[in-house]
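Some notes on the structure that comes next.
Proteins come first, then strands; the chains are lettered A, B, ... in the order of their sequence lines, and each starts at number 1.
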There are 2 protein chains.
Amino acid sequence: MGKALIIGCGGVASVAIHKCVQNSDAFEEICIASRTVSKCDALKEKLQGGKCKITTAQVDANSVEQLVALIKRVQPDVVLNLALPYQDLTIMDACLECKVSYVDTANYEPEDTAKFEYKWQWAYREKFEKAGITALLGSGFDPGVTGVFSAYALKHHFDEINYIDILDCNAGDHGYPFATNFNPEINIREVSAKGSYWEDGKWVETEPMEIKRVYNFPEVGPKDMYLLHHEELESLGINIPGIKRIRFFMTFGESYLRHLKCLENVGMTSIEPIEFEGKKIIPLQFLKAVLPDPASLGPRTVGKTNIGCIFRGKKDGKDKTYYLYNVCDHQECYKEVGSQAVSYTTGVPAMIGAMLVMNGTWKKPGVYNIEEFDPDPFMEALNKWGLPWQESFNPELVD
Amino acid sequence: MGKALIIGCGGVASVAIHKCVQNSDAFEEICIASRTVSKCDALKEKLQGGKCKITTAQVDANSVEQLVALIKRVQPDVVLNLALPYQDLTIMDACLECKVSYVDTANYEPEDTAKFEYKWQWAYREKFEKAGITALLGSGFDPGVTGVFSAYALKHHFDEINYIDILDCNAGDHGYPFATNFNPEINIREVSAKGSYWEDGKWVETEPMEIKRVYNFPEVGPKDMYLLHHEELESLGINIPGIKRIRFFMTFGESYLRHLKCLENVGMTSIEPIEFEGKKIIPLQFLKAVLPDPASLGPRTVGKTNIGCIFRGKKDGKDKTYYLYNVCDHQECYKEVGSQAVSYTTGVPAMIGAMLVMNGTWKKPGVYNIEEFDPDPFMEALNKWGLPWQESFNPELVD
């Protein structure tokens, strides 16, 4: 039983809040705070009336002062940060000042550079330790469940894990020739960035989309997937003993990539402003306005996601392979919480992480990535709260 | 020896004006008039000093009153209309009032509908006849030279022509993944419109880009080409006796079409305004601003155009085939007049048509399409003024 302060009110936050309200045994009270309080109020209006008490607040998450005032007033047992990644550090600063534990789903990145690195947040380790509070980093799906899967595999199935391949497949079809599931700017930046993977203690960089594989996903079928850099590679490479190589693959359809390439070619994905009718306009911003609103895709997206990890290592001196994954259905998610599976698979683990920190199941002073905690209660909660996992001991491998 | 009033100062007009200045035996004096007089002045600055006297004027070609005042002041022997197709009728009205002959390169179309039909201009036949002045319609390349080729083939090589295929190939490479040779709006409209051809006295309509052929163009090589509607089909279908079928094909590269399709799919070619930062913006207009300026393609376009007609019919009771075409080199055009071949192949015939009407070689009161005049002097002028034609009696045919 406890009280959570949830900062942010976008697609992922909406799912996490729905789940907190479902889980009112754990979440006695929540306060939803964001820059636009009307969004919080609308959600409160829709979800109130059950056992979970809901309040709302306006806050600018860039302001430590405003955050501190809010936390002091609400007196939460945990702060769940579902705002923008640019705002991780201000929220951590406020939690430190108020001595309240902290949970997020994506690592800090400076607003002006696309740098996915934990170094800024890891620099808070000693401060959190001294303050006697916990920071749980990356409690979404990837990062998040992928780290929990890794810790679970290591605890129950391996003496050492040598290879991890994280496979993120979204086989959802929204019926548009081209649309992005979330902010097109971030989507496009991800695809056009160089890839990298962790091997023998160091990063190996690839050209953007250089490494392509086809994988036959359970319940989904064969899909093209591409090697990308992803933030959990950094922490898993350090936290999983014996690791030789860890890679991340994400599926992209041929049509999605073809459209993206064309838009790049004509200059529509550029962030250099052009002069238009006496005004400076950034082509990518205009493109975003022309494309379907990601929020509008929910009701029309059909199909499934399949996200998981393939582990290879040793158990009792023998080679072993183990695949842990979750399959999620877009339409079922939409029916349950009004969001499709991409938001759902991130929002549910955010609620679970906040619950485990809040109720003291996961409590150790300092700053930790998710794989540094006992995975069992999280694995149990995934089955209970809508993301049941499946396992295979003889999966298809990735070259 | 005479005086021409040239209305318009865009890419085609620039070529025609260069050619008039080269041909100062015919063009003793020209007046260049357009809405933006500074463009006319710049061209005058560049080209004056030779035997052809150049003056400039400002005129709104939508205003019959302004046009009449200008014609009365300049006292030209012919008006060469190289303004927008929307302005054909106002310029014809002004010519009628001043009793001065008229030449254009593209048929009138209402500004709000993409209707390529001669009916509006043919309605002026009796008025021009009564006024004792000539209107020469469509003196560019296609329409224009394609009509002259048809008249020449009929005069010298056939008793009757049964089949005409007009093939317009632009094998120019500007080095951009995607760019349009002229206004993207008109370009895109052409490709997305239904196709049609004339057969057995009536129009046969096709889906956009439905009919594709590969043709091995002399001096260019094999290119994909697509059946489009084109305005000269209407007049040639009537003016060439014995015609059974007449079609028009234009080449488009695979990359051009793929980019266009993607831009259509994401909504970037739409003419429905969208709301952007408090302003209504038409996506196609914004796309135009992002794409390379067509005028900037001149210096960087390499390769050739090949435009011509394949005729099949009877001569002395026997089947006969005859191919007349012109090959034009983008870089050579640019060196000569500062424009690439797409403007060059339209601007040169415009000058020739104006010359023939002005000097009385082609003079008959009324409104006529170009194939209704004796083709021989025009064919001779093409060789002299930069568009030499070639012939083949055994060409590859189009299925």
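Sorted by first and then second residue, the ring pair (Phe, Tyr, Trp, His ring centres under 6.0 Å) pairs with a member in residues 260-281 of chain B read A:Phe286-B:Phe276; sequence neighbours excluded.
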Using atom types as modelled and no hydrogens or angles, find all donor-acceptor pairs between chain A and chain B shorter than 3.5 Å.
unit_1   : atom_1 : unit_2   : atom_2 : d
A:His259 : NE2    : B:Asn265 : ND2    : 2.9
A:Asn265 : ND2    : B:His259 : NE2    : 2.9
A:Glu277 : O      : B:Lys279 : NZ     : 3.3
A:Lys279 : NZ     : B:Glu277 : O      : 3.3

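Counting non-hydrogen atoms of neighbouring residues, nucleotides and ligands closer than 6.0 angstrom, the CD1 atom of B:Ile282 exceeds 12 such neighbours.
Rounding to the nearest 0.5 angstrom, the gap separating the CG atom in B:Leu287 from the CE atom in A:Met268 is 7.0 Å. Taking CD1 from A:Ile281 and CD1 from B:Ile281, the interatomic distance works out to 3.5 Å, rounded to the nearest 0.5 Å.
Summarising the geometry of B:Val266 relative to A:Val290, their closest heavy-atom pair is O-CG1, 3.0 Å, with the distance given to 0.1 Å.
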